[in-house]
Amino acid sequence: MFKIVKKESLNPTVTRMWIEAPRVAKKAQAGQFIILRVDEQGERMPLTVADCDPTAGTVSVIFQIVGATTQKLNALNEGDCLQDFVGPLGRATETEGLKKVAVVGGGVGCAIAYPVAKKLYGQGCEVHAIVGFRNRDLVILEEAFRAVSHRYELMSDDGSAGKKGLVTDALKALIESGEQYDEVIAIGPLIMMKFVSALTKEYGIKTIVSMNPVMIDGTGMCGGCRLSVGGEVKFACVDGPEFDGHLVDFDEAMERAAMYRDTERHAYEDTCNLLKKGDEAHG
Amino acid sequence: MANMSPKKAVMPHQPAEVRNKNFDEVALGYTAQIAKEEAERCLDCRHKPCVDGCPVRIDIPRFIKQIREGDEERAYRILSLSTSLPAVCGRVCPQESQCEQRCVRGLKGEPVAIGRLERYVADRHNEKAKVWPDPIASNGHKVAIIGSGPSGLSCAGDLARMGYEVTIFEALHTPGGVLVYGIPEFRLPKAIVEKEIKGLTALGVKIETNSVVGKLISVDELFEEGFEAVYIATGAGLPRFMNIPGENLKGVYSANEFLTRINLMKAYLPDSDTPLRPAKHVAVVGGGNVAMDAARCAKRLGAEVTVVYRRGLEEMPARKEEIDHAMEEGIVFKTLCNPTEILGDEHKNVMGMTCVEMELGQPDESGRRRPVVKEGSEFTLEVDAVIMSIGTSPNPLIRTTTPGLDTDRRGCIITDRRGQTSREGVFAGGDAVSGAATVILAMGAGKTAAAAIHEYIQSK
Ligand SMILES: Cc1cc2nc3c(=O)[nH]c(=O)nc-3n(C[C@H](O)[C@H](O)[C@H](O)COP(=O)(O)OP(=O)(O)OC[C@H]3O[C@@H](n4cnc5c(N)ncnc54)[C@H](O)[C@@H]3O)c2cc1C
Ligand code: FES
């Protein structure tokens, strides 16, 4: 059993938890993920490692309440335990040699982008963070991001926080103004990563995206997490979760992400009506 | 006087039209009366051909003799000399190509039902055995085992009984390997596997679930933590796909995924959170045990099921009993048939599968006649789900994180006959070495390695 030592609400639909898992905390690196099960009947759910504290032996995860399982997870409190917690899984973000990077985060994807930005910043890389949310109530990790970036561009759909517009608008403006990035790392909704990749392709800037498809085991055993990358089949859990954004077939990934949506939605709506706006397809 | 009936005593079964709607065990097991009758069919041959057919050389005539004499506990002890999982193997071994194939009674009529008798003895023992074994005093040596399938479990059991402190590291949340996530409840009730595992923990074996070796901890770090030997029993690995168009459509699964959702995650039960997509007509591609299990699960979930296999019925690698059971349960077999494309609708849901008919041509290197495409035979099966069950390739996780561990061209770990790998103190066995094989071979490899590990540590 894995104890929840801390729980905080980052916005009405996003929660952060610190979980006691000393072995995982010792090994986990930015870009990797864990799989948890809330209880004996629970499904296996992958979540990216948002941060970890090897000394305290804790790992932090940040999740948006979008379905039955995240709802169940969110019902737990400090002191409660998770049934299972396995990781770290997947490959770590490759940051070696990067001197200047634009880290683009959308919505709850910022939780995953943050440890990447932190790692880059820590190794002396110039980090430009471009983050987007639907509105000001949904902004998360603003202070955290500011602390690990040289430039912080906040965007919102309705202009209620930062500038009005999409992250692609901000990224384009920066590139047009002459900023030269070694790499763009984009993490957020599939649709956002698709458009960021399309934009950077025009400028020929290498772009890494983090994929989070349906998973079960997370060790390569089931193939449920497969995607097409450059015409080849890849298993996100072992070959990823990060891939070259210019090669990922996003349209296919979006369809596959919706594979269980009908069944899941159904289960979720049975239990709760809180979150009609928790629409994954948007940030 | 021996029972000279040319046929095996009939195994009581759930009727096909009942069982194809539930997940309860299909074969109900011999009663004492039936078991005794069947045991009377054994001629107690002096040259014991059946023993040569058994991968772990169980003294078959001797255990059967104890059934005749009504001493089932003794029969169990004889089984235990060679196998750690008789209740499992009695249910899932391909007896028709092993012990029973060599049985003299098979020359005229059916062989003795060795597998069913093995199961009978193990079940009787398990019914009675209420107390768990006491922990064995430690000899102070620690061994790590990676993977809790039949190979890891049997190696752990043997080492624990010799006094070793054994820790099994298992990636999933439940121990048992394929016995829990692959083989369905109706063929191997999970309670049997749980009981075996409880027996091991009673002996003092520690099982660390949720522990992916190669990620959480490496083989070298295991040695640093004080383990003196490591046994790698990580199984067959990653599912293969055919690389035909449409394989990433919604509704296409590997058999591993489909079976894991059902058997490990219990997605068919109302209180499980793991979803399953409903399907009306499922095609299962492949002809092994895995394909039969996937087909029979899909049937139980209410689908019409067609098994598509590129060779003939005779060439199917599945146990004969599984093929027979599948047919009785109403599963359609399209043999000499190969998929070429999976078709999808505008939302990328599966809506059909294009296949070609095959005919058998010249024998290939393996001596089996090679299937070749029949010109102009293309047709489309109307299906809304496809389950690919065409084999696996080794998981690179341990290979790539363990320097100096040699693997072959396919990626399987190379060992000598006793399980020793190219790394000192590192042993391996089961499907991770042989590629996908059988429970009995994996179990046997675990026992052999346990003996080799004991010798290695004692000689240090
Ligand atoms: C659906 C199906 C039906 C079958 N039917 C039959 C049958 O009827 N008769 C028969 O004889 N055989 C059958 N087989 C084959 C048989 O189950 C296997 O040969 C046998 O289970 C192999 O045992 P193993 O211990 O080598 O590996 P497995 O049973 O595969 O166990 C390996 C274990 O290692 C774990 N693992 C993997 N990597 C790591 C890691 N890095 N760290 C920690 N743990 C790890 C896995 O999670 C798994 O639990 C079937 C197989 C399948 C899939
Ligand atoms: S989650 Fe099963 S293979 Fe990736």
Side-chain angles (χ1 to χ4, degrees), chain A residues 2 21 23-24 26-28 32 34-45 67-69 72 83-91 214-228 232-233 235 238 249 251-267, chain B residues 170-174 178 181-182 208-212 214-218 221 234-241 243 247-261 264-267 269-278 344 346-349 388 392-397 400:
Chain A
F2 300 82
R23 273 179 187 266
V24 183
K26 239 194 310 184
K27 278 289 172 93
Q32 290 189 296
I34 56 91
I35 286 182
L36 61 78
R37 275 204 321 153
V38 176
D39 57 27
E40 216 18 86
Q41 281 70 44
E43 63 178 332
R44 292 173 64 94
M45 179 174 65
T69 292
K72 217 161 147 180
Q83 180 76 24
D84 296 291
F85 191 86
V86 53
L89 299 168
R91 294 165 186 262
V214 170
M215 291 192 185
I216 303 185
D217 57 300
T219 64
M221 181 273 279
C222 77
C225 62
R226 65 195 187 279
L227 338 145
S228 299
E232 277 181 61
V233 174
F235 289 5
V238 285
D249 182 340
D251 294 336
E252 179 188 278
M254 281 188 260
E255 285 292 358
R256 286 186 67 80
M259 178 130 56
Y260 294 101
R261 197 157 289 160
D262 291 343
T263 25
E264 271 167 11
R265 267 294 150 82
H266 182 64
Chain B
E170 167 56 51
L172 291 172
H173 56 264
T174 308
V178 168
Y181 76 70
E208 303 259 5
T209 50
N210 294 318
S211 302
V212 182
K215 287 287 179 192
L216 187 67
I217 189 164
S218 68
E221 285 164 335
T234 47
L238 285 46
R240 259 189 268 160
F241 289 89
N243 294 319
E247 270 185 311
N248 285 357
L249 290 168
K250 289 184 286 182
V252 183
Y253 312 89
S254 73
N256 276 5
E257 178 182 356
F258 186 71
L259 289 169
T260 302
R261 282 182 185 274
L264 179 70
M265 307 310 298
K266 300 273 180 274
L269 297 178
D271 59 352
S272 167
D273 292 344
T274 302
L276 264 181
R277 267 165 71 96
E346 74 275 25
H347 287 294
K348 306 209 178 205
N349 295 300
M388 287 292 170
T392 51
S393 62
N395 193 328
L397 202 50
T400 51

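This structure is a prediction, so every number in the text was calculated from the model and none was measured. Note: hydrogens, waters and symmetry copies are ignored here, and every other heavy atom, side chains too, is used. Numbers restart at 1 for each chain; the letters A, B, ... are given by sequence-line order, proteins then strands.
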Q: Once rounded to the nearest 0.5 Å, what's the spacing between atom CD of Glu255(A) and atom CG of Leu249(B)?
A: 9.5 Å
Q: For chain A, which of Asn349(B), Leu397(B), Val252(B), Leu259(B) has the most heavy-atom pairs under 4.5 Å?
A: Val252(B)
Q: Given side chains that start at C-beta, do those of Asp217(A) and Tyr181(B) come closer than 4.5 Å, heavy atoms only?
A: no
Q: For Val24(A), which atoms come within 4.5 Å of any heavy atom of chain B: side chain, backbone, both, or neither?
A: both
Q: Distance from His173(B) atom NE2 to Gln83(A) atom CD, nearest 0.5 Å?
A: 8.0 Å
Q: Within the structure provided, determine whether Leu269(B) and Gln41(A) are in side-chain contact (heavy-atom separation under 4.5 Å).
A: no
Q: Can you tell me if Arg256(A) uses its side chain to pair, donor with acceptor, with the backbone of Asn248(B) under 3.5 Å?
A: yes
Q: Arg23(A) vs Glu221(B), test: salt bridge (charged side-chain N to carboxylate O under 4.0 Å, His left out). Steps then yes/no.
A: CA-CA 12 Å; Arg23(A) 273 179 187 266; Glu221(B) 285 164 335; over 6 Å; no
Q: Under 4.5 Å heavy-atom distance to chain B, tell me which part of Arg37(A) shows up: side chain, backbone, both or neither.
A: side chain
Q: Among Met388(B), Lys266(B), His347(B), which residue forms the greatest number of heavy-atom pairs with chain A at distances under 4.5 Å?
A: His347(B)
Q: Could you give the distance from CE (Met221(A)) to CG (Leu172(B)), rounded to the nearest 0.5 Å?
A: 5.0 Å
Q: Looking at Leu216(B), Asn256(B), Thr274(B), Leu238(B), which one has more heavy-atom pairs under 4.5 Å with chain A than the rest?
A: Leu216(B)
Q: Does any backbone or side-chain atom of Thr260(B) lie under 4.5 Å from a heavy atom of chain A? Answer side chain, backbone, both or neither.
A: side chain
Q: What are the two closest non-hydrogen atoms of Glu257(B) and Gly223(A), and how far apart are they?
A: OE1-C, 4.3 Å
Q: If you take all heavy atoms of Met265(B) and Glu43(A), which pair is closest and at what distance?
A: CE-CA, 4.0 Å
Q: Between atom OG1 of Thr219(A) and atom NZ of Lys215(B), what is the distance when rounded to the nearest 0.5 Å?
A: 10.5 Å
Q: Is it the backbone or the side chain of Phe241(B) that comes under 4.5 Å from a heavy atom of chain A, or both, or neither?
A: side chain
Q: Please state whether the side chain, the backbone, both or neither of Ser218(B) comes within less than 4.5 Å of a heavy atom of chain A.
A: backbone
Q: As an exercise, state the distance from CG of Asn243(B) to CD of Glu232(A), rounded to the nearest 0.5 Å.
A: 9.5 Å
Q: Under 4.5 Å from any heavy atom of chain B, what part of Ile35(A) do you find: side chain, backbone, both or neither?
A: neither
Q: Mind listing the closest non-hydrogen atom pair of Pro239(B) and Gly220(A) along with its distance?
A: CD-O, 3.4 Å
Q: Between Glu346(B) and chain A, which part of the residue has a heavy atom less than 4.5 Å away: side chain, backbone, both or neither?
A: backbone
Q: Counting only heavy atoms closer than 4.5 Å, note whether Gln32(A) contacts chain B via side chain, backbone, both or neither.
A: side chain
Q: Flag the one option from Thr209(B), Ile217(B), Thr174(B) with the top tally of heavy-atom pairs under 4.5 Å to chain A.
A: Ile217(B)
